[in-house]
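Reviewing the structure listed below.
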Amino acid sequence: MLLLYLYMLTLSACVLRTASLPANTVVLTTARGAQLQGTVVDLATQKTLSFEAFVKAVAPAQVVAVGEEHYHPDIQAFELRLLQALAQHRPQRLALAMEFLERDMQSAVDAYLSGNSDAATLQTQIKATPAFIEDYFPLMQYARQAGVPLLALNVPRPLARRVTQEGLQAVAESLLPPERAYLAATFLPMTSQYRTYFLQAVAAAHPLSEEQRDRFVEAAHLKDDTMAESLAAFLERAADMTVLAIAGRFHFDYGLAIPALLRQRRPRVTMQRVTTMAVAADDIVDLRDLARETLADYVWFAPPRPETRAEN
């Protein structure tokens, strides 16, 4: 389901090449996609930043939240570069957290990081797809190499599917303690803003009955609530750490999902939200609109997915 949310948020693509904007220059109103591709923009000022200036700006935060387009190799390469740079800025004070890793995978992840299992064993244990291995496993390999803790954030998919079929209360009451621990210990209430956000992202493309909508929203909120609790619990133990948290754009954009739920648990958490956005070369991007909508603190603009570039 998470891929569906993200696909609703991506931009269309076509091709026209012009020079990229130089770093640290003010973008007053709008810019072409070709100028923005490969650049970071600070939405508060509409200023493009060098990668080094961007890393320096976000490194002091407790959470650097990157909202991504899944399985986009340019975006995952940016995330790896950011992980490596933050590890240099915050040696021994950095953790990585990933939406694609679920709480029941944590022991397998820890065994891999500690050297007690190898990559093939871990990939089998977490049922990694070839696409995951290609796009995301380099992040896990670097975490092992650099001694960066890795948090499995999410609800196990079978439990989330059960919520879409049975409802959250019925599922939670049926679970024995070992499985119940894979969900948030306490469930925060869902806001009307979250419900509207979810339905606008999903329901328009996937008509659902009212009962189905309620359960799909419950399952989505459970995932965000659990991921927020995972981050809060880690920061409770290690408040001096920075966590690079990677999840689909739905979970971080506009601050309505994980950021809002995390702030309810840790009101004083410091967070920098970074969204990644694929733009075609001749797209016109109004940076003022993105800033007014509080999309994120920073945007890293990517080219279209490689498989679509030849079509544009």
For [X] and [Y], I'd like to know if the aromatic rings sit close, meaning centre-to-centre distance below 6.0 Å.
| X | Y | value |
| --- | --- | --- |
| F132 | Y71 | no |
| F100 | H70 | yes |
| F250 | Y197 | yes |
| F137 | Y112 | yes |

Shortest non-hydrogen separation from [X] to [Y] and the atoms involved:
| X | Y | value |
| --- | --- | --- |
| R103 | L183 | NH1-O, 3.0 Å |
| L96 | A143 | CD2-CB, 4.5 Å |
| A219 | A160 | CB-O, 3.8 Å |
| L36 | T39 | O-OG1, 2.5 Å |

What is the distance from atom [atom1] of [X] to atom [atom2] of [Y], rounded to the nearest 0.5 Å?
| X | Y | atom1 | atom2 | value |
| --- | --- | --- | --- | --- |
| T294 | L43 | OG1 | CG | 9.5 Å |
| D283 | F301 | CG | CZ | 10.0 Å |
| R215 | L222 | CZ | CG | 14.0 Å |
| H221 | L188 | NE2 | CG | 6.5 Å |
| E229 | L153 | CD | CG | 11.0 Å |
| T275 | D253 | OG1 | CG | 3.5 Å |

Verify, without hydrogens or angle tests, whether [X] (side chain) and [Y] (backbone) share a donor-acceptor contact under 3.5 angstrom.
| X | Y | answer |
| --- | --- | --- |
| R263 | V269 | yes |
| Q145 | Q141 | no |
| R273 | L295 | yes |
| T276 | W300 | no |
| T226 | K223 | no |
| R180 | A184 | yes |
| Q35 | R32 | yes |
| Q272 | A65 | no |

Joint cluster assignment, Y182 & I126, ILVMFWY side-chain distance < 4.5 Å: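 Y182 does not cluster with I126.
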Same apolar cluster (I L V M F W Y, side chains within < 4.5 Å links), L101/L82: yes
Q165 atom CD: more than 12 heavy-atom contacts under 6.0 Å: yes
Working for side-chain contact (heavy atoms from CB on, under 4.5 Å), residues R195 and D214: CA-CA 9 Å; R195 180 181 175 82; D214 289 343; 2.9 Å; yes
No-hydrogen, no-angle side-chain donor-acceptor test under 3.5 Å, [X] and [Y]:
| X | Y | result |
| --- | --- | --- |
| Q106 | D110 | yes |
| T30 | R288 | no |
| D118 | T121 | yes |
| Y142 | Q84 | no |

Test log, rule side-chain hydrogen bond (donor to acceptor under 3.5 Å, both in side chains), inputs E173 and Q169: CA-CA 6 Å; E173 291 176 352; Q169 183 174 350; 3.0 Å; yes
side-chain hydrogen bond (donor to acceptor under 3.5 Å, both in side chains) involving Y298 - partner list, sequence neighbours excluded: none
Salt-bridge criterion met for R157 and E102 (N-O under 4.0 Å): yes
Salt bridge flag under 4.0 Å for residues E236 and R266: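 Salt bridge: yes.
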From CA spacing to verdict: salt bridge (Lys or Arg N to Asp or Glu O under 4.0 Å), D240, R93: CA-CA 7 Å; D240 61 340; R93 289 291 181 270; 2.9 Å; yes
Candidate pair T242 and Q62, rule side-chain contact (heavy atoms from CB on, under 4.5 Å), full reasoning: CA-CA 4 Å; T242 292; Q62 291 176 302; 5.9 Å; no
